[in-house]
Amino acid sequence: FLYIQQFPSTLKQYYLEFFGLGLEEGGNDSEKYYYLKFYPDIKAGIPLNHRHVISLENIIIGLLLYKIYYIDRHIELNTLSKFQRLIRLDYPDLKPSIVRLLAKARREKSTQLNDDRIDASIKNAFDEFNKIKWIEMDADGTFDILPAFQRITKEFANEINNIDEILKED
């Protein structure tokens, strides 16, 4: 991070010329973060086995985390198990829609998703978010949301603004 802050223009040029990627920054002050952006019209110089795309299922869980933490203001939310319990118990009216969306993302029938499968999906998403440093999660499931998680708002602002309507759709 400190190295990027010291040489941002040089590194932006490096990533663009050698890899076809943009080095972007988000946030501000103590909430600043950097990430690499793919440009669809430029052939990226990253081998396929080194590319990773976040699954639709994990994006859905990220949108739910954003809704619950930032929109619904569950700022006490700091463990994986609390988040899983919130989805199961505190959002019973949204649970069928969540199950439907996750089933669509997994290309399964919604009847195949029970609480254990939903918990496993959430755990998988949180592991992924920890890997890409959207959250910092300890082995016991305690987590902190990191500034880079705000990138989800850049990519999915419309979905976040309409999350309740999306979840209520049949």
Side-chain angles (χ1 to χ4, degrees), residues 21-22 24-27 31 33-40 44 46-169:
L21 303 170
E24 305 283 329
E25 75 178 56
E31 299 288 307
Y33 61 94
Y34 293 92
Y35 63 94
L36 296 173
K37 182 173 178 107
F38 286 92
Y39 296 117
I46 305 290
L48 290 176
N49 61 338
H50 289 284
R51 296 182 193 186
H52 183 76
V53 178
I54 297 176
S55 71
L56 179 57
E57 181 179 7
N58 290 349
I59 291 169
I60 291 167
I61 291 168
L63 294 173
L64 289 170
L65 177 60
Y66 189 91
K67 173 194 173 17
I68 291 170
Y69 190 85
Y70 291 103
I71 296 172
D72 297 347
R73 302 249 183 238
H74 283 280
I75 57 173
E76 76 287 354
L77 181 64
N78 65 351
T79 66
L80 173 64
S81 60
K82 281 183 185 177
F83 183 74
Q84 291 166 325
R85 193 170 34 256
L86 272 171
I87 295 295
R88 283 195 315 270
L89 303 176
D90 292 1
Y91 290 87
D93 53 329
L94 297 180
K95 188 175 174 186
S97 298
I98 293 168
V99 167
R100 178 184 45 78
L101 284 172
L102 290 175
K104 271 186 177 179
R106 294 180 118 192
R107 297 182 179 171
E108 294 180 354
K109 294 180 181 176
S110 60
T111 56
Q112 295 174 319
L113 284 178
N114 58 24
D115 285 347
D116 291 336
R117 300 274 308 265
I118 293 169
D119 285 352
S121 293
I122 293 169
K123 168 82 168 84
N124 180 58
F126 274 57
D127 287 343
E128 182 69 22
F129 299 158
N130 187 52
K131 182 179 172 184
I132 63 172
K133 295 304 176 197
W134 278 9
I135 65 171
E136 184 73 46
M137 189 167 67
D138 296 333
D140 66 357
T142 303
F143 70 89
D144 290 311
I145 297 176
L146 298 176
F149 183 70
Q150 295 301 321
R151 181 164 176 224
I152 203 166
T153 62
K154 283 186 172 192
E155 301 297 326
F156 300 100
N158 187 48
E159 288 82 356
I160 289 171
N161 290 334
N162 299 305
I163 188 81
D164 290 322
E165 289 78 26
I166 292 169
L167 289 171
K168 290 177 186 173
E169 290 177 1

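Keep in mind it's a predicted model, so treat the numbers as computed, not measured. The basis for the numbers below is simple: all heavy atoms, side chains too, and nothing from hydrogens, waters or symmetry mates.
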Enumerate, atom names and distances included, each donor-acceptor pair closer than 3.5 Å involving a side-chain atom of residues 143-155, sequence neighbours excluded.
unit_1	atom_1	unit_2	atom_2	d
Gln150	NE2	Tyr70	OH	3.0
Thr153	OG1	Gln150	O	2.5
Lys154	NZ	Glu25	O	3.3

query: Which atoms form the tightest heavy-atom contact between Phe129 and Asn58, and what is the distance?
result: CZ-O, 3.1 Å

query: Any salt bridge between Lys123 and Asp119, counting N to O under 4.0 Å?
result: no

query: Could you state the interatomic distance from CG (Asp90) to NE2 (His74), rounded to the nearest 0.5 Å?
result: 6.0 Å

- prompt: Considering residues at least two apart in sequence or located in another chain, which fulfil the side chain to side chain contact (heavy atoms under 4.5 Å, CB included) criterion with Asp140?
  reply: Asp138, Thr142

message: Restricting to non-hydrogen atoms, name the atom on Met137 and the atom on Asn130 that form the minimum distance, rounded to 0.1 Å.
response: N-OD1, 2.8 Å

statement: d(Phe126 CZ, Thr79 OG1) to nearest 0.5 Å is 9.0 Å

Counting only pairs under 3.5 Å, give me each side-chain donor-acceptor contact of residues 62-69, with atom names and distances, residues two or more places apart or in other chains.
unit_1	atom_1	unit_2	atom_2	d
Lys67	NZ	Asp72	OD1	3.2
Lys67	NZ	Asp72	OD2	3.1
Lys67	NZ	Asp164	OD1	2.9

message: Please report the interatomic distance CZ(Arg73) to CD1(Ile71), rounded to the nearest 0.5 Å.
response: 9.5 Å

field: CG (Leu89) with more than 12 external heavy atoms under 6.0 Å
entry: yes

field: Spatial distance of atom CG (Leu21) from atom CD (Glu24) [nearest 0.5 Å]
entry: 10.5 Å

- request: Look up atom CG in Leu101 and atom CD1 in Ile61, then write down how far apart they are to the nearest 0.5 Å.
  value: 10.5 Å

- line: Here the gap from Ile122 atom CD1 to Ser81 atom OG, rounded to the nearest 0.5 Å, amounts to 11.0 Å

